[in-house]
Number of protein chains: 2
Amino acid sequence: MAREMTTETSGAPRILDVAERLAQRRGFNGFSYADIASELGVTKASLHYHFASKADLGTALIARYATRFGEALDRADELEDERAKLAAYAELYAGVLRDDRMCLCGMLAAEYETLPEAMQGAVARFFEDNERWLERVLEAGREQGTLAFAGPARDAALLLISGLEGAMLVSRSLGDPSRFDAAARALLARFDPA
Amino acid sequence: MAREMTTETSGAPRILDVAERLAQRRGFNGFSYADIASELGVTKASLHYHFASKADLGTALIARYATRFGEALDRADELEDERAKLAAYAELYAGVLRDDRMCLCGMLAAEYETLPEAMQGAVARFFEDNERWLERVLEAGREQGTLAFAGPARDAALLLISGLEGAMLVSRSLGDPSRFDAAARALLARFDPA
DNA sequence: GTCTATAACGAGATAGAC
DNA sequence: GTCTATCTCGTTATAGAC
């Protein structure tokens, strides 16, 4: 007997949805099982059935986030030119910010020293994967003449990640998401060919 | 009778020293009065004498940090050309990172939604002050031809803050402070005149 | 798979002696 | 200004019934 199709997610995915939003808005140390439980109308104990420890929950959180992010990068890779891929990359960040969220791994990067080891490794891998993807796009764009920049593509890649993560971080405290867009535009403009 | 001169700080300043380092490494929600007390060899209760609530401690933390940062900007303002001022600005960040710390306000920006209101306002003001200082330097440099960039100086200023804060954030999780230097170099290079 | 109940601990904070 | 002692609350986590 096949399971009923419903429009609502349930169980673990639903827990991850709520935890993810809380983590992106308040940080991993800024929410508790009680917060998730009250929002879902269940008890804390039932959450522990799905994620025995908060470290397990956090690890699952990053894993899902990184997978989805990687899928978004795969979609961006289908675009024609490399400038469009960079724009799509920046738009990923913009979309997160529009939902009043910080990038999950950017948030966890701040809390890095307090995170369980498994989470630390996963956060670092997220940035390394992003860096590799950007490095490839940047190199291709420079060869094709659609992008222009000096120095190692790897450094330019980290500058892009840093600029976008930092712009999210700062524009959130300035209470003005449009400042992110201005900073992101200024950042991408510096890769335009003269 | 004048107070004895000693090489050791004591009382409130010393508490702030320890709390500041903890906040910059672990976040404001990542340390407790117990952490400070054990490091200073005093009790939690005596800390509450100096800072009745953690919000008071946090507010004092930002106030001192912003004052010192402002003084550093004043010193940078005495440099001759605007390119040197930008380099000095970036070096401020680099020095913090070398001590294994995140910028205090960058860290607090991540935790923004969980902070007491007074702290939120102070964090936003820190970034606004930085932005104003950079905007002035950038405008002057563009007029003098020592700096080159397109678009509003305000957007370029926020890009600089974002890039430096983001590079600190990310290079800390990558476990490689030299990645900050590479990103900062790439960032500043984009303001060099052709 | 979800519940009630509770354990075990750490957090911020206060009272009052010294 | 620092101490001991205590309070209250929130946190993660577990045991065991349903």
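Residue numbering restarts at 1 for every chain, and letters A, B, ... go by the order of the sequence lines.
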Item to check | Axial cation check for A/F191 ring with A/R83, 6.0 Å and 45° limits | outcome: no

Checklist entry - Out of D/dT14, C/dA15, D/dT11, which nucleotide sits closest to the side chain of A/A45? => result D/dT14

Next on the checklist: Is there a side-chain contact between A/S32 and the phosphate of D/dG10, meaning an N or O under 4.0 Å from OP1 or OP2?
Outcome noted: no

Checklist entry - At under 4.0 Å between heavy atoms, what does B/F31 touch on the DNA or RNA strands: base, sugar-phosphate, or nothing? => result sugar-phosphate

Item to check | Pair B/E139 + B/R142, salt bridge at N-O below 4.0 Å | outcome: yes

Checklist outcome for this item: Side-chain atoms of A/K54 come closest, of D/dT12, D/dC3, C/dG12, to D/dT12

Next on the checklist: Heavy atoms from C-beta onward define the side chain here; which of D/dC3, D/dT11, C/dG12 lies closest to that of B/K44?
Outcome noted: C/dG12

Checklist entry - In whole angstrom, what separates B/N29's CG from C/dG10's P? => result 18 Å

Item to check | Sub-4.5 Å side-chain heavy-atom contact between A/T114 and A/F28 | outcome: no

Next on the checklist: If the cut-off is 4.0 Å, is B/S46 near the phosphate of D/dG1, judged by side-chain N/O to OP1 or OP2?
Outcome noted: no

Checklist entry - Tell me: CZ of A/R14 to P of C/dT2, nearest whole Å? => result 11 Å

Checklist entry - In terms of side-chain heavy atoms of A/T43, which of C/dT4, C/dA11, D/dA13 is nearest? => result C/dT4

Next on the checklist: Please pick, from C/dG1, D/dA5, C/dA13, the nucleotide with the shortest atom-to-atom distance to any side-chain atom of A/H50.
Outcome noted: C/dG1

Checklist entry - So which nucleotide from D/dT12, C/dT14, D/dC3 ends up closest to the side chain of A/H48? => result D/dT12

Next on the checklist: Run A/D181 and A/S178 through side chain to side chain donor-acceptor pair (under 3.5 Å) and show every step you take.
Outcome noted: CA-CA 5 Å; A/D181 299 313; A/S178 80; 5.8 Å; no

Checklist entry - Under 4.0 angstrom, heavy atoms only, what part of the nucleic acid is B/Y49 near: base, sugar-phosphate, or nothing? => result base

Checklist entry - Whole-Å distance between D/dT11 P and A/D35 CG? => result 6 Å

Checklist entry - Rounded to the nearest 0.5 Å, how far does CZ of A/R101 lie from CZ of A/R21? => result 6.5 Å

Next on the checklist: Let's see if you can work this out: which of D/dT11, C/dC3, C/dA13 has an atom nearest to the side-chain heavy atoms of B/S53?
Outcome noted: C/dA13

Checklist entry - The side chain of B/A34 lies closest to which of these nucleotides: C/dA13, C/dA5, C/dA11? => result C/dA11

Checklist entry - What is the distance, rounded to the nearest whole Å, between atom CD1 of B/I15 and atom C1' of D/dT2? => result 11 Å

